[in-house]
Trainee: 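Structure below; questions to follow.
For reference, positions follow the sequence shown, starting with 1.
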Amino acid sequence: MPAVHEAVGIGAMIVCALAFLGGLLTYRRRRESPLLVRHLLALAQTVLVAQVALGLLLLSDERRAGDDLHYAYGTLALAAVLAPWIYAPVEPRRRLAWFTGATLLAGMLAVRAYTTAG
């Protein structure tokens with residue numbers, strides 16, 4: 001199970017990077033978000049939720065990370081990617097900017113969580 005948690009973590013970092021790049025390019029071109037970008041942003045959220053769920057399963061099995069900061073970074077990554085659902089404005093272009101920025105922050109926090117896994 002720790003290997004699955006690690007693999008999903010690497011996948012989360014990759015998906016967050018791809019979703020950020022897609023969102024950034026779409027935002028800079030001042031176009032409506034293509035379906036692919038919206039799906040990448042949703043996939044990033046889904047993978048991070050799955051990653052936290054796997055981490056909670058590992059915790060319930062008495063397996064602990066080497067550094068307690070790992071839990072803080074993982075929780076903050078999940079909170080960052082879910083926050084735009086509450087705070088993002090309704091206007092589509094600004095909403096895309098919120099989700100793209102939150103995905104970048106979540107990806108950076110996921111990288112930090114990965115480095116503190118021990």
Side-chain angles (χ1 to χ4, degrees):
M1 178 87 96
V4 173
H5 185 60
E6 182 178 356
V8 173
I10 292 169
M13 292 182 279
I14 292 169
V15 170
C16 284
L18 291 174
F20 168 72
L21 289 174
L24 179 66
L25 290 174
T26 301
Y27 183 81
R28 293 196 72 194
R29 290 181 181 169
R30 299 182 187 274
R31 297 169 54 194
E32 184 178 328
S33 342
L35 192 59
L36 176 63
V37 171
R38 288 181 286 182
H39 281 257
L40 279 172
L41 290 168
L43 181 61
Q45 295 168 0
T46 304
V47 171
L48 284 167
V49 169
Q51 180 67 351
V52 170
L54 287 169
L56 290 173
L57 285 173
L58 286 170
L59 271 177
S60 71
D61 197 28
E62 301 294 328
R63 297 182 185 194
R64 312 265 314 152
D67 190 349
D68 285 343
L69 278 175
H70 180 75
Y71 307 115
Y73 289 124
T75 302
L76 289 172
L78 180 64
V81 83
L82 295 178
W85 286 104
I86 299 168
Y87 299 111
V90 177
E91 194 267 314
R93 190 159 186 272
R94 291 182 59 212
R95 189 168 182 82
L96 173 65
W98 270 73
F99 276 94
T100 301
T103 302
L104 172 64
L105 177 60
M108 292 180 351
L109 288 165
V111 169
R112 190 64 182 127
Y114 184 78
T115 61
T116 59

Trainee: When you measure from the side chain of Thr100 to the backbone N and O of Ala97, does any donor-acceptor pair fall under 3.5 Å?
Mentor: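 No; zero donor-acceptor contacts below 3.5 Å.
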
Trainee: Enter the distance from Leu40:CG to Cys16:SG here, rounded to the nearest 0.5 Å.
Mentor: 10.0 Å

Trainee: Should Leu78 and Leu56 be counted in the same cluster of Ile, Leu, Val, Met, Phe, Trp and Tyr side chains packed under 4.5 Å apart?
Mentor: yes

Trainee: Roughly how far, to the nearest 0.5 Å, is CG of Leu18 from OG1 of Thr103?
Mentor: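 It is 11.5 Å, given to the nearest 0.5 Å.
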
Trainee: Only counting residues at least two apart or in another chain, list the ones meeting side chain to side chain contact (heavy atoms under 4.5 Å, CB included) with Ala65.
Mentor: His70, Tyr71

Trainee: So which heavy atom on Ser33 is nearest to which on Thr26, and how close?
Mentor: CA-CG2, 3.6 Å

Trainee: Inspect the surroundings of CZ in Arg95 and state if more than 12 heavy atoms from other residues, nucleotides or ligands are less than 6.0 Å away.
Mentor: yes

Trainee: Is any side-chain heavy atom of Phe99 closer than 4.5 Å to a side-chain heavy atom of Trp85?
Mentor: yes

Trainee: Check the surroundings of atom CZ in Arg93: do more than 12 heavy atoms from other residues, nucleotides or ligands lie under 6.0 Å from it?
Mentor: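 Count over threshold, so yes.
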
Trainee: Hey, could you give me each pair passing salt bridge (charged side-chain N to carboxylate O under 4.0 Å, His left out) that has a residue in residues 62-79? Not counting sequence neighbours.
Mentor: Asp61-Arg63, Arg64-Asp68

Trainee: To the nearest 0.5 Å, how far apart are CZ in Arg31 and CG in Leu96?
Mentor: 12.0 Å

Trainee: If you look at every heavy atom in Ala110 and Ala77, which pair is closest and at what distance?
Mentor: N-CB, 4.2 Å

Trainee: Kindly write out the residues that satisfy ring-ring contact (aromatic ring centres under 6.0 Å, His included) with Phe20, not counting sequence neighbours, or none if the list is empty.
Mentor: none

Trainee: Measure across Thr116 and Leu69 and return the closest heavy-atom pair with its distance rounded to 0.1 Å.
Mentor: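 Looking at all heavy atoms of both residues, the shortest contact is OG1-C, 4.1 Å.
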
Trainee: What's the separation between atom CG in Leu54 and atom CG in Leu59, rounded to the nearest 0.5 Å?
Mentor: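 Leu54 CG to Leu59 CG: 11.5 Å, rounded to 0.5 Å.
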
Trainee: Can you hop from Val4 to Leu43 via hydrophobic side chains spaced under 4.5 Å?
Mentor: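 Shared cluster, yes.
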
Trainee: How close do Ala102 and Pro84 get, heavy atom to heavy atom, and via which atoms?
Mentor: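 Scanning both residues completely, I find the closest heavy atoms to be CB-CG, 3.3 Å.
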
Trainee: Hydrophobic cluster membership, with links at side-chain heavy-atom distances under 4.5 Å among I/L/V/M/F/W/Y: are Val49 and Val81 in one?
Mentor: yes

Trainee: Main chain of Leu82, side chain of Gln45: is a donor-acceptor contact present, judged purely on distance under 3.5 Å?
Mentor: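 No.
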
Trainee: Under a single-linkage definition using a 4.5 Å side-chain heavy-atom cutoff for Ile, Leu, Val, Met, Phe, Trp and Tyr, are Leu24 and Trp98 assigned to the same hydrophobic cluster?
Mentor: no

Trainee: Which pair of heavy atoms, one from Ala80 and one from Leu109, lies closest together, and at what distance?
Mentor: CB-CD1, 4.4 Å

Trainee: Between Val52 and Thr75, is the side chain to side chain contact (heavy atoms under 4.5 Å, CB included) condition met? List the steps.
Mentor: CA-CA 7 Å; Val52 170; Thr75 302; over 6 Å; no

Trainee: I need the Leu48 CG to Met13 CE distance, nearest 0.5 Å.
Mentor: 10.0 Å

Trainee: Between CG of Leu76 and CZ of Arg112, what distance do you get to the nearest 0.5 Å?
Mentor: 12.0 Å

Trainee: Do you reckon Ile14 sits in the same ILVMFWY cluster as Leu105, going by side-chain contacts under 4.5 Å, direct or chained?
Mentor: no

